[in-house]
Amino acid sequence: MFVSGYGSTFFSSGWMSIPQGIPNCPPGLEYLTSIDQLLVHQKVELLEAFTGFETANKYTVKNTLGQKVYWAVEDTDCCTRNCCGPARPFDMKVLDYYQNEVLHFNRPLRCSSCCFPCCLQTLEVSAPPGNVIGTVEQNWSIFTPQFSIKDQSGNTVLRIEGPFCTFSICGDVEFKVVATNGNQVGKISKQWSGFAREAFTDSDHFGINFPMDLDVRVKATLLGCLFLIDYMFFEKSGNKEQDRPGMF
């Protein structure tokens, strides 16, 4: 329903071709087998930019050649968006060229304060929808953002380590993707997108890179972590910056 408003033009050109003959791969995740980097651009919403009225977030996911890989859209109601702000629970639907929902991200309503470690942020990743392939779980920390990337069995396969200050001042903000042995194997970056865009909108640009041979389910879970990071640290409430040092 929310896709039809964009018509067929959006889906008609500039899309990455889907790799064929990939065994043991959830439908729609074949795209992730041949890439080690994704660019995620949030769509500017003029109503939100001028009035501060919170609208549903929409994103284009591209490869390094600028070809579209996925289209992601938040599925929430108006009351939830404007009452809960960046802390709101959400369902994120990720669509491919054929408008099939190939990924589903679910963020439940949780406490946003580090003072309550019993109720930290989580995000569930399903592919196809209803089949959980991984989760993102926030780890308790006072000074820096910390997350665990877990597989469908609940085992931690990667960790995310963020910076002490996530405020973007004319530069990128980097969250390290770290293997269980402590080696950095990738990163999630909130990219500086220009003064006007940064100051007057919460329409952000992100980049994510990971090993080429990483399991596609883990790649998809890392993509879900990117969206969770966006809402937790870069989504504005009424176009006002909410950032502060550490996790307070």
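Computed from a predicted structure; not experimentally measured.
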Query raised in the report: Minimum heavy-atom separation for Met16 to Ile35, with atom names?
Result: CE-CG2, 3.9 Å
Query raised in the report: Short question: side chain of Lys176, backbone of Ile188 - any donor-acceptor pair under 3.5 Å?
Result: no
Requested in this report: Determine, using the 4.5 Å side-chain heavy-atom cutoff (strictly less than), whether Leu214 and Val69 are members of one ILVMFWY cluster.
Outcome: yes
Query raised in the report: Between Asp172 and Glu174, is there a donor-acceptor pair closer than 3.5 Å when you use the side chain of the first and the backbone of the second?
Result: no
Report task. Can you see which heavy atom on Pro108 is nearest to which on Pro89, and at what distance? Result -> C-CB, 3.8 Å
Query raised in the report: Using 4.0 Å as the upper bound for N to carboxylate O, is an ion pair formed by Arg107 and Glu124?
Result: no
Query raised in the report: Shared ILVMFWY cluster between Phe143 and Val178, side chains joined below 4.5 angstrom?
Result: no
Report summary line: Residues Thr166 and Phe234: closest non-hydrogen pair is O-CE2, 3.2 Å
**Report entry** Side-chain touch Thr135/Val125, heavy atoms, less than 4.5 angstrom
**Finding:** no
Requested in this report: Following the transitive rule for hydrophobic clusters with a side-chain heavy-atom cut-off under 4.5 Å over Ile, Leu, Val, Met, Phe, Trp and Tyr, establish whether Val185 and Ile229 coincide in one cluster.
Outcome: yes
Query raised in the report: Between Asp91 and His104, does a side-chain contact (heavy atoms from CB on, under 4.5 Å) hold up when you go through it step by step?
Result: CA-CA 7 Å; Asp91 287 287; His104 189 99; 2.8 Å; yes
Report task. Would you check if the side chain of Lys187 reaches a backbone N or O of Phe175 as a donor-acceptor pair within less than 3.5 Å? Result -> no
**Report entry** Minimum side-chain heavy-atom gap Phe90-Asn106 below 4.5 Å
**Finding:** no
Query - Full working for side-chain contact (heavy atoms from CB on, under 4.5 Å) between Lys62 and Trp15 - result: CA-CA 8 Å; Lys62 300 182 178 182; Trp15 281 79; over 6 Å; no
Query raised in the report: Atom CG in Asp215, atom CD in Gln152: separation rounded to 0.5 Å?
Result: 8.5 Å
Requested in this report: Grab the two heavy atoms, one from Thr76 and one from Arg81, that are nearest each other, plus how far apart they are.
Outcome: O-NH1, 2.7 Å
**Report entry** Asn131 side chain reached by Ile133 side chain, heavy atoms, under 4.5 Å
**Finding:** yes
Requested in this report: Find the distance between CD (Gln37) and NZ (Lys219) and round it off to the nearest 0.5 Å.
Outcome: 11.5 Å
Query raised in the report: Going only through I, L, V, M, F, W and Y residues with side-chain contacts under 4.5 Å, is there a path from Leu103 to Tyr98?
Result: yes
Requested in this report: Determine whether Val173 and Phe233 make a side-chain contact, defined as any pair of heavy atoms from C-beta on separated by less than 4.5 Å.
Outcome: no
Report task. Any chance you could lay out the side-chain contact (heavy atoms from CB on, under 4.5 Å) test for Tyr70 and Thr60, step after step, and finish with the verdict? Result -> CA-CA 6 Å; Tyr70 297 119; Thr60 305; over 6 Å; no
Report task. Compare all side-chain heavy atoms of Leu123 with those of Glu137 and state whether any distance is below 4.5 angstrom. Result -> no
Query - Donor-acceptor contact present, side-chain Asn63 to main-chain Gly66, <3.5 Å - result: yes
Query raised in the report: So Phe210 and Val218, side-chain contact (heavy atoms from CB on, under 4.5 Å) or not? Walk me through it.
Result: CA-CA 10 Å; Phe210 34 63; Val218 181; over 6 Å; no
**Report entry** Gln121 and Leu228, any side-chain heavy atoms less than 4.5 Å apart
**Finding:** yes
Report task. For the residue pair Ser148 and Asn139, confirm or rule out a side-chain donor-acceptor distance under 3.5 Å. Result -> yes
N/O donor to acceptor pairs below 3.5 angstrom from side-chain atoms of residues 155-164, sequence neighbours left out:
residue, atom, partner, partner atom, Å
Arg159, NH1, Glu161, OE2, 2.7

Query raised in the report: Taking a hydrophobic cluster as the set of Ile, Leu, Val, Met, Phe, Trp and Tyr residues connected by side-chain heavy atoms closer than 4.5 Å, whether directly or through intermediates, do Val61 and Leu65 fall within one such cluster?
Result: no
Query raised in the report: Which pair of non-hydrogen atoms, one from Thr221 and one from Gly134, has the smallest distance, and what is that distance?
Result: OG1-CA, 3.7 Å
Query raised in the report: Distance under 6.0 Å and angle within 45° of the ring axis: does Lys190 meet both against Phe206?
Result: no
Report task. Answer with yes or no whether the side chains of Asp36 and Asn209 bring together a donor and an acceptor at under 3.5 Å. Result -> no
Query - Donor-acceptor side-chain pairing of Gln67 and Tyr31 below 3.5 angstrom - result: no
Query raised in the report: Is the shortest side-chain N to carboxylate O distance from Glu74 to Arg88 below 4.0 Å?
Result: yes
Report task. Would you indicate whether the side-chain heavy atoms of Val216 and Pro26 approach each other to under 4.5 Å? Result -> yes
Query raised in the report: Can you tell me how far the CD atom of Gln191 sits from the NE2 atom of His205, to the nearest 0.5 Å?
Result: 8.0 Å
Query raised in the report: Can you find a heavy atom in the side chain of Val40 that is under 4.5 Å from one in the side chain of Leu226?
Result: yes
Report summary line: Rounding to 0.5 Å, atoms CD (Glu235) and CG (Asp230) come to a distance of 6.0 Å
Query raised in the report: Does Tyr59 reach the main-chain N or O of Val94 with its side chain, forming a donor-acceptor pair under 3.5 Å?
Result: no
Query raised in the report: Which residues pass the side-chain contact (heavy atoms from CB on, under 4.5 Å) test with Asn24, sequence neighbours left out?
Result: Arg217
Query raised in the report: Where the side chain of Asn181 meets the backbone of Asn183, is there a donor-acceptor pair that is under 3.5 Å apart?
Result: yes
Query - Nearest atoms (heavy-atom pairs only) where Cys25 meets Leu29 - result: SG-C, 3.6 Å
Query raised in the report: For the atom pair CG (Leu32) and CE (Met212), what is the distance rounded to the nearest 0.5 Å?
Result: 11.0 Å
Query - Value rounded to 0.5 Å, distance of CD in Glu30 from OG in Ser17 - result: 12.0 Å
Query - No-hydrogen, no-angle side-chain donor-acceptor test under 3.5 Å, Gln42 and Asn57 - result: yes
